[in-house]
Amino acid sequence: MRKGMAISTLQKPSQEAKRKALRKNVLGWSLMAPALVFMLLFTVYPVIRSFYLGMTDYSLGMEAPVFIGFHNYMKLAGTALFWKVVRNTLYFALLTVFPSMALGLGLALLVNRSTKTVGFLRVGYFYPVVMPMIAAASIWSFIYMSNNGLWDQFLRSIGGQPMDVLSSKTTVLPAMAIMYVWKEAGYLMVFFLSGIQSISPELMEAAKLDGASHGQVFHRIMLPLLGPTTLFVTSIEFTNCFKLVDHVMIMTEGAPNNYSTLLLYYIYQQGFTNFNYGISNALTVIMLLFLLAVSLPRFFSQDRKIYYS
């Protein structure tokens, strides 16, 4: 009898613990349910739908999509315009990702101090971020305006010749990249500033007491400890530079001769101008796969080398 009672008393806490764990799980999943529903409806389902429609012949006026396998992808691979758009997108990413990160880090170092004017500087550097992209693109369109724009007037003032930068195939993407870096640097500044301020000041002071210069402290201590921030910023910046469409519509609409057409604008043209939904969804899948190919290897390779405090 005593042995049975002992066994039952040992089992009661175990069952109670299971009930508590079940209640915690139910509570946790119920709190996560709204976010999961929204993610499934507005992220997972559209991705799966794009994968399916990318393998169909589907355009305006058709009652239902017709499955054609990988024909859309083969058609794009044989199109010169598609490869031009891919080159434009990669070139634009090269012109924007690392320069905007470098400028954002520089601004973070500049405002990482306690002065009376630092609040004004932070607001001033961050102001382009809150400006709508359409407004920023319109402002820079006036700056780059042929003959009467600020850029051409500046060239005249120093004895140079006017340049219609948005109409030249060699200058259109660099000109648009300057606008994007100007707008994006303040956004990245916030992340780098947060990362810098999370570093223990004692590490900096100890290095300076050991005779390290400011450059050595920056390269040997600050940059390695900013590894998690840099990895995060690199990932979101690669994603952001591929998500641009409104500034192309305002500034160039792909001119001259599609030398400023980027991948997302090309998707917009196929889907909402040509109404070729099969091709536009195939392009969307290509963009998603490309972002995964760029982000995941870097994440897994760099994450092992990063120090998390």
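Treat the numbers as computed from the prediction; the structure is a model and nothing was measured.
More than 12 heavy-atom neighbours from other residues, nucleotides or ligands sit within 6.0 angstrom of CG on Leu40. In this structure, Glu253 places its CD atom where only 12 or fewer heavy-atom neighbours from other residues, nucleotides or ligands lie under 6.0 Å away. The environment of OH in Tyr127 is sparse: at most 12 heavy-atom neighbours from other residues, nucleotides or ligands sit within 6.0 Å. No more than 12 heavy-atom neighbours from other residues, nucleotides or ligands sit within 6.0 angstrom of CD on Gln161.
In this structure, the side chain of Trp151 does not engage the main chain of Met145 through any donor-acceptor pair within 3.5 Å. Put simply, the side chain of Asn112 never gets that close to the backbone of Ala108: no donor and acceptor are under 3.5 Å apart. For Ser260 (side chain) and Ala255 (main-chain N/O), a donor-acceptor pair under 3.5 Å exists by modelled atom type. Side-chain atoms of Ser213 come within 3.5 Å of backbone atoms of Gln216 as a donor-acceptor pair (strictly under, hydrogens ignored). Side-chain N or O atoms of Lys183 include one that pairs as donor or acceptor with a backbone N or O of Val129 at under 3.5 Å. Under the 3.5 Å distance criterion, the side-chain polar atoms of Tyr266 are left unmatched by any main-chain donor or acceptor of Thr261. Without hydrogens or angle criteria, Asn72 side chain to Gly54 main chain gives a donor-acceptor distance under 3.5 Å. Listed for the Arg156 side chain is a donor-acceptor partner under 3.5 Å among the backbone atoms of Asn147. A distance-only check finds a donor-acceptor pair linking the side chain of Ser198 to the backbone of Gly195 [under 3.5 Å]. Thr171 places a side-chain N or O within 3.5 Å of a backbone atom of Val165 that can act as its donor or acceptor partner.
When all heavy atoms of Phe92 and Met176 are compared, the closest pair comes out as CE1-C, 4.0 Å. In plain terms, the two heavy atoms of Val172 and Pro256 that are nearest each other are CG1-CD, 4.0 Å. Counting all heavy atoms, side chain and backbone alike, Leu53 lies closest to Thr56 at O-OG1, 2.7 Å. Thr89 approaches Leu263 most closely through the heavy-atom pair OG1-N, 3.0 Å. Nearest heavy-atom pair across Asn257 and Lys84 is O-NZ, 3.0 Å. Scanning all heavy atoms of the two residues, the minimum distance from Tyr91 to Pro174 falls at OH-CG, 3.8 Å.
Qualifying side-chain hydrogen bond (donor to acceptor under 3.5 Å, both in side chains) partners for Asp152, counting only residues two or more places apart in sequence or in other chains: none.
Pairs engaging residues 27-53 under the side-chain hydrogen bond (donor to acceptor under 3.5 Å, both in side chains) rule: Ser50-Asn281 [sequence neighbours left out].
Neither Trp140 nor Ile134 shares a network with the other; the hydrophobic side chains, linked directly or stepwise wherever heavy atoms of I, L, V, M, F, W or Y lie under 4.5 Å apart, form separate groups for each. Put simply, Val130 and Val190 are part of the same group of oily side chains (I, L, V, M, F, W, Y) that touch within less than 4.5 Å, one to the next. The hydrophobic clustering, which links ILVMFWY residues whose side-chain heavy atoms are closer than 4.5 Å, places Met74 and Ile286 apart. Residue Phe142 is not grouped with residue Trp182 when hydrophobic side chains (ILVMFWY) are merged at heavy-atom distances under 4.5 angstrom, including chains of intermediate members. In the hydrophobic cluster analysis, where Ile, Leu, Val, Met, Phe, Trp and Tyr join through side-chain heavy atoms closer than 4.5 angstrom, Leu27 is grouped apart from Leu36.
Taking the side chain as every heavy atom from C-beta outward, Met62 and Tyr277 never approach each other to under 4.5 Å. The shortest distance between side-chain heavy atoms of Leu105 and Met101 does not fall below 4.5 Å. Annotation: side chain of Met55 is not in contact with side chain of His71 (no heavy-atom distance under 4.5 Å). In this structure, Tyr268 and Val248 have side chains that are not in contact, with every pair of non-hydrogen atoms separated by 4.5 Å or more. Annotation: side chain of Leu264 is not in contact with side chain of Leu244 (no heavy-atom distance under 4.5 Å). The shortest distance between side-chain heavy atoms of Leu107 and Val111 does not fall below 4.5 Å. By the 4.5 Å heavy-atom criterion applied to side chains, Tyr125 and Leu110 are counted as neighbours. Under the 4.5 Å side-chain criterion, counting only non-hydrogen atoms from C-beta, Ile236 is in contact with Tyr187.
Aromatic rings of Phe242 and Phe290 (six-membered ring for Trp) have centroids within the 6.0 Å cut-off, being under it.
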* To do: Might you work through the ring pair (Phe, Tyr, Trp, His ring centres under 6.0 Å) test for Tyr144 and His247, ending with a clear yes or no?
  => CA-CA 13 Å; Tyr144 290 139; His247 75 301; over 10 Å; no

* Does the side-chain contact (heavy atoms from CB on, under 4.5 Å) test come out yes or no for Asn88 and Leu173, once each step is laid out? -> CA-CA 8 Å; Asn88 292 343; Leu173 281 180; 4.0 Å; yes

* **Check against side-chain contact (heavy atoms from CB on, under 4.5 Å), Leu225 and Leu203** => CA-CA 11 Å; Leu225 293 178; Leu203 293 175; 3.7 Å; yes

* Asked: Between Arg19 and Glu16, does a salt bridge (Lys or Arg N to Asp or Glu O under 4.0 Å) hold up when you go through it step by step?
  -> CA-CA 5 Å; Arg19 284 194 291 268; Glu16 184 65 25; 2.7 Å; yes

* Would Lys20 and Gln15 satisfy side-chain contact (heavy atoms from CB on, under 4.5 Å), going step by step from the backbone distance to the final call? -> CA-CA 9 Å; Lys20 288 182 179 179; Gln15 293 174 354; over 6 Å; no

* To do: For Asn148 and Gln153, run side-chain hydrogen bond (donor to acceptor under 3.5 Å, both in side chains): C-alpha distance rounded to whole Å, both residues' side-chain angles, the deciding distance at 0.1 Å, then the answer.
  => CA-CA 7 Å; Asn148 297 323; Gln153 292 183 18; 5.2 Å; no

* **Working for side-chain contact (heavy atoms from CB on, under 4.5 Å), residues Val85 and Leu262** => CA-CA 6 Å; Val85 170; Leu262 302 179; 5.7 Å; no

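Separating the CZ atom in Phe51 from the OG1 atom in Thr284 is a distance of 10.5 Å, to the nearest 0.5 Å. From Leu188, atom CG reaches atom CZ of Phe126 across 10.5 Å, with rounding to the nearest 0.5 Å. Expressed to the nearest 0.5 Å, how far OG1 of Thr229 lies from CZ of Phe191 amounts to 9.5 Å. Note that CE of Met222 and CG of Leu226 are 6.5 Å apart. Values are rounded to the nearest 0.5 Å. For the atom pair CG of Asp57 and CD1 of Ile68, the computed distance is 5.0 Å after rounding to the nearest 0.5 Å. We find the CG-NE2 distance between Leu109 and His214 to be 12.0 Å, quoted to the nearest 0.5 Å.
Side-chain N/O atoms of Ser100 and Glu237 include a donor and acceptor closer than 3.5 Å. Judged by distance alone, the side chains of Gln269 and Asn274 never bring a donor and an acceptor atom under 3.5 Å apart.
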